[in-house]
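What follows is one structure encoded as structure tokens, with my remarks underneath.
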Amino acid sequence: MSIQPYTAVGLIPTVRGIRKRADIRVNLEHLKHLVKAAAWLSSLDLPVRLIAIPEGALQGFNDEVLDLDHVQFAREGAIDIPGEETEFLGQLAREYDTYIIAQAKARHPDWKDRFFNVGFILDPRGELILQHYKVSPLFPVEHSMCPHDIYDWWVEKYGRTLQAFWPVVDTGIGRLGIMMANEGSYPENARALALNGAEVIYRASYPHPATGNDYFEIQSRARALDNNVYVVAPNMGTYYLFAEEDTPIDTFGGRSFIINYRGQIVGKQDYGAGSTYVGGVIDIEALRDHRARAQWDNWLKDLRTELYQMLYEAPIYPKNLYLERAPMKHAEYREEVILKQIAQMHERGVWVKPGGA
């Protein structure tokens, strides 16, 4: 069955950082109002079939900003998926007859006192149809666990497959996958999703000044073009450190996009210092036709995989980093990981030390 073109909406919400899980309710109520406005006005073009809620919209980023203890946040601020928050969003999916993609810092049932950064998709019935555990956190500051940090356990539990690390779900609006924030900084994550069949990829959020210096746009457009996928990339709006704060800060810098499979922007919202949204049309049949009939710029068919495998034969970032301990706080991470990784790149001769040192 063919899929008619539809509108995808990316929300750009105001968010209040949380101290405890109950604080999330304020952000959910805000999203409810924002969905109403965005879905109504955006559907004046083509029907809205997909709503993307950016990373941070439920809980903010206080675990990162305040360098909180991992175990404490896992107990007090992380959620369970499914849970009351996904049920709240599921009600919105049912009300607006749309798919919803969102994110939260969430616990895993097998890992006590640990949390992960999890993207998830709800269908128009409000059912949870996909969970993606972020594989590339914002390493200097993000305290989340990721599958590579417990690689041996993850492979034993879920297998060593694309679906285990970069899951894709086939839906009535195309094949959907998730690539959150810093994951889009690495071409491999988009490529993995594309090779697993993705047609529409969620990619949100990204902080200023990187946003204002075009990182978010350049990366998102490149990932879309390289893999012939749509990228839905809403950024966050105004940030309040706590629920009661009255000082609004635009820490994200706006620049939200809907990008088509040729890397072209089909929806754009520069504004970020408040609550708004971005909308753009997604045409899955046009994407599929391009992949089937183009001779040059349908890139995946030409991958010389035997050659490219050589790039990754030597390990770089350490796996199983948190298999037996909680994630590090900022200062320890810099000493134990960042500086050692930079030294490794110099020692291998991949990078040359600055100043001829």
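Excluded from the calculations below are hydrogen atoms, water molecules and symmetry mates; all remaining heavy atoms, backbone and side chain alike, are included. In this chain, numbering begins with 1 at the start of the sequence shown.
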Less than 4.5 Å apart, side chain to side chain, heavy atoms only: is that true for [X] and [Y]?
| X | Y | result |
| --- | --- | --- |
| Pro137 | His143 | no |
| Phe139 | Asn182 | yes |
| Tyr96 | Val48 | no |
| Ile178 | Gln103 | no |
| Met328 | Glu336 | yes |
| Leu225 | Arg221 | no |
| Asn27 | Gln59 | no |
| Asn189 | Trp166 | yes |

Euclidean distance, [Y] [atom2] relative to [X] [atom1], rounded to 0.5 Å:
| X | Y | atom1 | atom2 | value |
| --- | --- | --- | --- | --- |
| Asp80 | Thr86 | CG | OG1 | 9.0 Å |
| Ile282 | Leu46 | CD1 | CG | 11.0 Å |
| Leu241 | Phe61 | CG | CZ | 12.5 Å |
| Ile3 | Ile284 | CD1 | CD1 | 5.5 Å |
| Ile101 | Phe120 | CD1 | CZ | 10.5 Å |
| Asn228 | Arg291 | CG | CZ | 6.0 Å |

Counting heavy atoms not belonging to [X], are there more than 12 under 6.0 Å from its [atom1]?
| X | atom1 | value |
| --- | --- | --- |
| Gln163 | CD | yes |
| Lys112 | NZ | no |
| Lys329 | NZ | yes |
| Phe88 | CZ | yes |
| Glu244 | CD | yes |
| Trp153 | CH2 | yes |
| Glu324 | CD | no |
| Arg348 | CZ | yes |

Working for side chain to side chain donor-acceptor pair (under 3.5 Å), residues Asp226 and Trp299: CA-CA 7 Å; Asp226 290 348; Trp299 320 102; 5.3 Å; no
Is it true that [X] and [Y] make a salt bridge, defined as a side-chain N closer than 4.0 Å to a carboxylate O?
| X | Y | result |
| --- | --- | --- |
| Glu87 | Arg94 | yes |
| Lys105 | Glu64 | yes |
| Arg325 | Glu332 | yes |

Same hydrophobic cluster for Tyr202 and Tyr277, using side-chain heavy-atom links shorter than 4.5 Å among ILVMFWY? no
Flag yes if Val337 and Tyr186 sit in one hydrophobic cluster, no otherwise; membership is Ile, Leu, Val, Met, Phe, Trp, Tyr, and two members link when side-chain heavy atoms are under 4.5 Å apart. yes
Shortest non-hydrogen contact from [X] to [Y]?
| X | Y | value |
| --- | --- | --- |
| Gly280 | Ile258 | N-CG1, 3.7 Å |
| Pro318 | Gln341 | CD-OE1, 3.5 Å |
| Val71 | Ala326 | CG2-CB, 4.4 Å |
| Met180 | Gly119 | CE-N, 3.5 Å |
| Leu92 | Ile100 | CB-CD1, 4.0 Å |

Under the salt bridge (Lys or Arg N to Asp or Glu O under 4.0 Å) criterion, do Lys32 and Glu95 qualify, and how do the steps go? CA-CA 11 Å; Lys32 181 178 179 180; Glu95 180 178 352; over 6 Å; no
Mark yes or no: Arg19 above the aromatic ring of Phe242, with NZ or CZ under 6.0 Å from the six-membered ring centre and no more than 45 degrees from the axis. yes
Arg114 side chain to Arg107 backbone, donor-acceptor under 3.5 Å: no
Any donor and acceptor pair, going by atom type alone, linking the side chain of Tyr99 with main-chain N or O of Gly172 inside 3.5 Å? yes
Taking the ring of Tyr133 and the ring of His108, is the distance between their centroids below 6.0 Å? yes
Centres of the Tyr261 and His290 rings: under 6.0 Å? yes
Regarding [X] and [Y], do their side chains bring together a donor and an acceptor under 3.5 Å, going by distance alone?
| X | Y | value |
| --- | --- | --- |
| Arg255 | Thr211 | no |
| Tyr312 | Glu188 | yes |
| Ser144 | Glu142 | yes |

Check the pair Asp250, His208 against side chain to side chain contact (heavy atoms under 4.5 Å, CB included), reporting the backbone distance first and the verdict last. CA-CA 8 Å; Asp250 176 15; His208 196 63; 5.9 Å; no
Check step by step if side chain to side chain contact (heavy atoms under 4.5 Å, CB included) holds for Val229 and Arg223. CA-CA 8 Å; Val229 296; Arg223 305 302 169 254; 5.8 Å; no
Qualifying salt bridge (charged side-chain N to carboxylate O under 4.0 Å, His left out) pairs with a residue from residues 39-61, counting only residues at least two apart or across chains: Glu55-Lys134
Taking side-chain contact (heavy atoms from CB on, under 4.5 Å) as the test, write out the residues that go with Arg125, two or more places apart. Asp123, Glu127
Run Arg21 and Ile18 through side chain to side chain contact (heavy atoms under 4.5 Å, CB included) and show every step you take. CA-CA 7 Å; Arg21 184 175 179 179; Ile18 70 164; 5.7 Å; no
Among Asp113, Asp63, Leu66, Asn62, which one satisfies side chain to side chain contact (heavy atoms under 4.5 Å, CB included) with Phe73? Asp63
Side chain to side chain contact (heavy atoms under 4.5 Å, CB included) between Leu89 and Ile53, worked out: CA-CA 10 Å; Leu89 296 176; Ile53 299 172; 3.8 Å; yes
Side-chain atoms of residues 231-238: list all donor-acceptor pairs with protein atoms under 3.5 Å, sequence neighbours left out, distances to 0.1 Å.
from, atom 1, to, atom 2, distance (Å)
Asn235, OD1, Tyr206, N, 2.9
Asn235, ND2, Tyr206, O, 2.9
Asn235, ND2, Phe252, O, 3.0
Asn235, ND2, Gly254, O, 3.0
Thr238, OG1, Gly274, N, 2.9

